[in-house]
Amino acid sequence: MKNKYKKTLTLCVIHEHPRVLLGMKKRGFGEGKWNGFGGKVEEGEDIEEAMHREMREEMGTSVKNLEKRAIIEFETEGEPEIQRVHVFHGDTLENEPAESEEMRPQWFHIDEIPFEDMWPDDAHWFPMFFAGKNFEAKFLFDKDENIIDMDIKETNEI
């Protein structure tokens, strides 16, 4: 079997208990879905630098406390790449978030996260994330964004 290309991405979910900051994606990949903040790691950047840059671009601020919690790989049947996402927990923003051309940030109570308007995998890994656990996960999707297979396991180190 041919090796798939792995694309490195970042994702940060801001959690100031009991509230969670998500962004409504206004354009591009994931448009119309609530998600954390993040994106591609550019050449010459390390993962944390990319995380801070993406948050400044998407919501006009960054986070003071970043903690890497997970690595999640996303694969879609028939697609040539696997998205390898480094997932961070953030709990203290430098400034109030602001809407950008790409994202509209909004705070949600932890019990009112809009999973029905998010990627289908989020409902599976968010509980482990909010429990403060480190984990690795893999999700396989069909072309209609349905989960075909998944594997989530707790790990000591990320």
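We're numbering straight along the sequence, starting at 1.
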I'd like to know if Glu57 pairs up with Arg53 as an ion pair, taking the criterion as any Lys NZ or Arg NE/NH1/NH2 lying under 4.0 Å from an Asp or Glu carboxylate oxygen.
yes
Heavy-atom side-chain contact between Leu21 and Gln106 under 4.5 Å
no
A quick test of your reading: do over 12 heavy atoms of other residues, nucleotides or ligands sit less than 6.0 Å from NZ of Lys143?
yes
Please, which pairs that meet salt bridge (charged side-chain N to carboxylate O under 4.0 Å, His left out) have at least one residue in residues 25-34, sequence neighbours excluded?
Lys25-Glu102, Lys26-Glu99, Arg27-Glu101, Lys33-Glu145
Can you hop from Val85 to Phe126 via hydrophobic side chains spaced under 4.5 Å?
yes
When His15, His89, His17 are each screened for ring pair (Phe, Tyr, Trp, His ring centres under 6.0 Å) with Phe130, the one that passes is His15
With a 4.5 Å cut-off on side-chain heavy atoms, are Leu93 and Lys64 touching?
no
Could you state the interatomic distance from CG (Asp117) to CG (Asp122), rounded to the nearest 0.5 Å?
11.5 Å
Straight-line distance of Thr10 OG1 to Leu66 CG, nearest 0.5 Å
9.5 Å
Do side-chain atoms of Thr76 reach the backbone of Asp142 as a donor and acceptor pair under 3.5 angstrom?
no
Do Glu112 and Trp107 touch side chain to side chain, with heavy atoms closer than 4.5 Å?
no
Salt bridge check: are Glu48 and Lys68 linked by an N-O gap of less than 4.0 Å?
no
Using atom types as modelled and distance alone, determine if a side-chain donor or acceptor of Glu49 lies under 3.5 Å from a backbone N or O of Asp46.
yes
Under 3.5 Å donor-acceptor, Glu58 side chain and Gly38 backbone
yes
Please report the shortest heavy-atom distance between Thr61 and Pro97, naming the atom on each side.
CG2-CA, 4.1 Å
Verify ring pair (Phe, Tyr, Trp, His ring centres under 6.0 Å) between Trp34 and Phe115, making sure each step is shown before the conclusion.
CA-CA 8 Å; Trp34 291 104; Phe115 288 114; over 10 Å; no
Hey, could you give me the CD/CD distance between Gln83 and Glu75, rounded to the nearest 0.5 Å?
10.5 Å
Do Lys4 and Glu81 make a side-chain contact, defined as non-hydrogen atoms from C-beta onward lying under 4.5 Å apart?
no
Using a strict 4.0 Å threshold on nitrogen-to-oxygen distance, state whether Glu42 and Lys40 make a salt bridge.
no
State, yes or no, whether a side-chain contact exists between Asp121 and Phe141 at a heavy-atom distance under 4.5 Å.
yes
As a quick check of understanding, evaluate side chain to side chain contact (heavy atoms under 4.5 Å, CB included) for Ile14 and Leu22, giving each step before the final call.
CA-CA 7 Å; Ile14 308 299; Leu22 299 172; over 6 Å; no
Looking only at side chains, do Asn65 and Thr92 share a donor and an acceptor under 3.5 Å apart?
yes
In this structure, CZ of Phe88 is separated from CD1 of Ile158 (nearest 0.5 Å) by 10.5 Å
Does a side-chain heavy-atom distance below 4.5 Å link Met103 with Met59?
no
Find the distance between CG (Leu140) and CD1 (Ile147) and round it off to the nearest 0.5 Å.
9.5 Å
For Arg69 and Val87, indicate whether the former's side chain and the latter's backbone hold a donor-acceptor pair under 3.5 Å.
no
Looking at every heavy atom in both Gly30 and Trp119, which two are closest together, and how far apart are they?
CA-CZ2, 3.6 Å
Should Met118 and Val20 be counted in the same cluster of Ile, Leu, Val, Met, Phe, Trp and Tyr side chains packed under 4.5 Å apart?
yes
List the atom of Phe37, the atom of Pro105, and the distance in Å for their closest heavy-atom pair.
CZ-CB, 4.0 Å
Per the ring-ring contact (aromatic ring centres under 6.0 Å, His included) rule, what does the pair list look like for residues 40-74, sequence neighbours excluded?
Phe74-Phe139
Taking side chain as C-beta onward, heavy atoms only, is Asn35 less than 4.5 Å from Leu11?
yes
Separation between CG (Asp151) and CD (Glu73), nearest 0.5 Å, reads 10.5 Å
